[in-house]
Amino acid sequence: DILCDMTMKTPPARLSLALSLGLWCMLAPSLISSSAYFTFAFAPPGTTSSWTTSLHSSLRASSSDNVAVASEAEATTSTTTTTTTHDSKNNRNNHSSSPWASHALLISSLSDGILPNPAARSFLRYSLVDTLLRERILLQEEGVRSSVEFSPCNGPNIESLGGLEDVDRLRERGRRFVAEDFVGVDADDDGRGRGAVDSWADDALRHLLLLLSDDATTTETATPTTRGKTEDDDDDDAVLNVRILYIPTASYALNPQSSNTPGKQRQRARADGKKRRTQLLNLLEDLLSSKDDENENNSGTDGLSPDENGSDPRRRRRRINLLSTTLDLDDGSLKQPVGSANAALFPTTDSEALTTWRPHLVYVEGGNTFWLQHCIEKGGYTSLIKDAVCDTTEGGVGAVYVGKSAGAIVAGRWMATATWKGWDDPSVVPGREVYEDWMECEGFGFVRSGDDHDDDDDASEEEEDGGVSFFPHMSDDWNDMVKEKREGGSGIRGDVVCLREEDACCVIGERELSFVASGLPPI
């Protein structure tokens with residue numbers, strides 16, 4: 001009766017694993033206490049550390065003593081739940097309507113806003129590594145589920161459970177970082193600051209690469225992230241593929257005032273887009289390279305120690321590889337795949353690129369904001385991009401969203417900021433040739449303001465919106481105009497964040513956190 005009652009209240013994503021573990025508990029009661037099973041199988045979303053720690057504690061004790069340790073599991077649950085359940089939004093299977101991006105960087109310029117900006121670089125690295133860890137957690141959970149379903153009498157694979165606990169612990173360590181750690185000093189005596197963030201990222205990357213040795217040995221456990229070699233790889237290589245979706249559509253808009261033909265304009269735009277993507281990939285390759293590869297055999301800070309001989313018995317050449325393809329939202333075409341000669345590692349359709357391919361990073365290039373928004377609407381990409389970025393798909397992990405200039409504007413609540421300076425020409429969109437046609441156009445709404453009045457019946461229309469819009473390429477020349485717009489002449493409800501060339505608005509959606517990291521102004 002208790003099992004049936006609790007099963008009815010269990011999230012569907014956890015149900016099959018819960019029932020499998022329940023069967024195992026009935027067949028092997030001496031190996032794990034039922035209280036630890038219920039903690040694992042029926043923990044509410046957002047309490048991952050609670051149920052994994054409880055189950056892991058019981059398994060370790062039962063392996064050595066062959067007795068049930070219900071009291072220990074219950075004690076662990078009572079202490080860890082208080083530190084994790086306060087942040088219920090940190091649920092990787094959360095399907096709420098929250099518009100927050102999982103991780104995002106919104107910039108005016110890549111060359112000024114990220115490349116020379118230590119805080120923005122550190123945040124981008126943090127975001128990508130955290131995304132890879134979250135994906136790894138899903139893989140480890142699937143490994144635990146499969147081992148129970150395959151052999152319920154033997155129970156879950158202890159190595160899979162241990163791997164899940166290791167990755168959980170790494171991610172929990174990363175979640176303690178706050179805005180000051182990125183925009184403050186490099187490091188301090190308390191282990192905070194960018195130095196601590198980079199040290200955590202190094203540990204996480206090293207551990208993710210270490211886990212590849214197991215994945216790459218069998219096709220059953222290999223995933224699109226780990227499967228596939230490039231033409232330069234040896235048979236024993238283990239490759240962590242990071243998937244990058246580059247969207248240059250805004251920069252492909254035609255300029256009606258140009259003396260060049262449309263064909264010549266498109267040719268030049270595609271060549272420029274390819275150069276910009278190469279610049280992005282060079283940055284990501286640098287950020288994802290481990291800063292201490294020569295110390296890979298040393299013990300890490302998470303208790304992940306080498307064997308007694310000081311070397312990893314599974315050691316092989318492990319490396320991170322960037323897979324990238326370019327998606328034009330105008331016609332849905334995919335071009336210029338790089339990173340592997342294996343065509344199976346790339347999407348074949350625009351929909352696949354944003355869904356089943358599960359990109360780790362979506363980069364939306366700058367250009368004509370109106371053309372970009374027109375193509376998003378024309379191709380029905382709004383929900384696809386939101387689902388890819390906002391962590392709303394079943395079993396998925398939200399991609400890091402990087403929006404430059406026009407890409408930052410469409411990430412906001414309202415697009416009217418694109419009309420403020422008069423830089424973009426709306427006449428490229430038939431039927432919407434004037435700025436007034438865009439004043440009520442909504443963006444993705446990836447960031448909300450600090451005061452959310454959605455449930456306040458007495459809130460004004462402006463307060464009730466709760467969205468944040470973005471105004472890139474801010475400078476002192478625009479101070480008076482921005483002040484006037486903010487005081488009521490903009491047609492925008494909600495907050496407006498102005499981004500200078502050296503600024504990057506950093507977003508962590510699960511914590512509803514956003515802050516601006518500023519570098520040195522360009523010369």
Side-chain angles (χ1 to χ4, degrees), residues 101-107 110-111 113-115 120-121 123-136 201 205 208-209 223-230 239-252 270 272-289 319-329 332-366 381 384-385 387-391 396-404 407-408 411 504:
S102 177
H103 297 86
L105 282 91
L106 308 174
I107 57 176
L110 177 66
S111 58
I114 295 183
L115 292 181
R121 290 171 63 96
F123 183 82
L124 178 55
R125 188 176 191 234
Y126 164 86
S127 299
L128 278 169
V129 171
D130 186 61
T131 301
L132 292 171
L133 284 174
R134 296 175 71 205
E135 182 177 65
R136 184 71 212 191
L205 287 173
L208 287 169
L209 289 171
T223 68
T225 303
T226 61
R227 190 168 51 236
K229 306 281 192 298
T230 69
V239 180
L240 175 61
N241 286 319
V242 179
R243 301 179 292 276
I244 313 298
L245 184 62
Y246 181 74
I247 301 177
T249 303
S251 66
Y252 286 1
R270 291 191 176 95
D272 289 343
K274 188 175 182 179
K275 292 178 181 178
R276 294 190 185 103
R277 188 184 72 169
T278 299
Q279 184 184 38
L280 171 66
L281 295 179
N282 289 339
L283 168 65
L284 297 178
E285 184 176 3
D286 179 56
L287 293 179
L288 291 175
S289 61
R319 67 180 188 84
I320 292 174
N321 178 61
L322 300 181
L323 297 175
S324 179
T325 189
T326 295
L327 169 62
D328 184 4
L329 302 182
S333 61
L334 291 166
K335 295 182 175 68
Q336 301 169 349
V338 295
S340 176
N342 185 356
L345 293 177
F346 296 96
T348 57
T349 67
D350 53 349
S351 176
E352 183 182 338
L354 288 162
T355 54
T356 55
W357 195 55
R358 293 180 177 173
H360 296 109
L361 184 142
V362 175
Y363 187 97
V364 181
E365 186 62 78
Y381 291 109
L384 287 174
I385 294 176
D387 287 344
V389 171
C390 294
D391 205 12
V397 174
V400 180
Y401 180 93
V402 180
K404 169 189 165 187

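Here the structure is a predicted model, which means the values were calculated and not measured.
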Testing [options] for side chain to side chain contact (heavy atoms under 4.5 Å, CB included) with [X], which one passes?
| X | options | answer |
| --- | --- | --- |
| L284 | I320, L361, V242 | L361 |
| Y363 | L105, L245, L110 | L110 |
| I244 | V362, L281, L323, V400 | L281 |

Test item: [X] side-chain N/O and [Y] main-chain N/O as donor-acceptor pair under 3.5 Å:
| X | Y | result |
| --- | --- | --- |
| R277 | Q336 | yes |
| T249 | L329 | yes |
| N282 | T278 | yes |

Using side-chain hydrogen bond (donor to acceptor under 3.5 Å, both in side chains) as the criterion, list what pairs up with [X], not counting sequence neighbours.
| X | value |
| --- | --- |
| S102 | R134 |
| E285 | none |
| K335 | S333 |
| R121 | D286 |

Please report the closest heavy-atom contact between [X] and [Y], naming both atoms and the distance.
| X | Y | result |
| --- | --- | --- |
| A504 | G113 | CB-O, 3.9 Å |
| R243 | E135 | NH2-OE2, 2.9 Å |
| N321 | G339 | ND2-O, 2.9 Å |
| S340 | F346 | O-CE1, 3.5 Å |
| D350 | L334 | N-CD1, 4.0 Å |
| S111 | Q279 | CB-NE2, 4.2 Å |

Distance (rounded to the nearest 0.5 Å) between [X] [atom1] and [Y] [atom2]:
| X | Y | atom1 | atom2 | result |
| --- | --- | --- | --- | --- |
| I385 | C390 | CD1 | SG | 10.5 Å |
| L327 | W357 | CG | CH2 | 10.0 Å |
| K404 | I247 | NZ | CD1 | 14.5 Å |
| T131 | H103 | OG1 | NE2 | 5.0 Å |

**Message:** Between T355 and D387, is there a side-chain heavy-atom distance shorter than 4.5 Å?
**Reply:** no

**Asked** Any side-chain heavy-atom pair from D272 and S251 closer than 4.5 angstrom?
**Response**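 Contact flag for D272/S251 side chains = no.
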
**Asked** Going through the distances and angles, do V364 and Y246 end up as a side-chain contact (heavy atoms from CB on, under 4.5 Å)?
**Response** CA-CA 6 Å; V364 181; Y246 181 74; over 6 Å; no

**Prompt:** What residues, two or more places apart in sequence or in another chain, satisfy salt bridge (charged side-chain N to carboxylate O under 4.0 Å, His left out) together with R276?
**Reply:** none

**Asked** Would V397 and L132 satisfy side-chain contact (heavy atoms from CB on, under 4.5 Å), going step by step from the backbone distance to the final call?
**Response** CA-CA 9 Å; V397 174; L132 292 171; over 6 Å; no

**Request:** Run the numbers on L133 and L208 for side-chain contact (heavy atoms from CB on, under 4.5 Å), then give the verdict.
**Result:** CA-CA 8 Å; L133 284 174; L208 287 169; 4.0 Å; yes

**Prompt:** Who pairs with F123 by ring-ring contact (aromatic ring centres under 6.0 Å, His included), at least two apart in sequence or on another chain?
**Reply:**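 Testing F123 for ring-ring contact (aromatic ring centres under 6.0 Å, His included), a comparison that skips the adjacent residues, returns F182, F515.
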
**Pair L322-L288, side-chain contact (heavy atoms from CB on, under 4.5 Å): steps then yes or no** = CA-CA 10 Å; L322 300 181; L288 291 175; 4.0 Å; yes

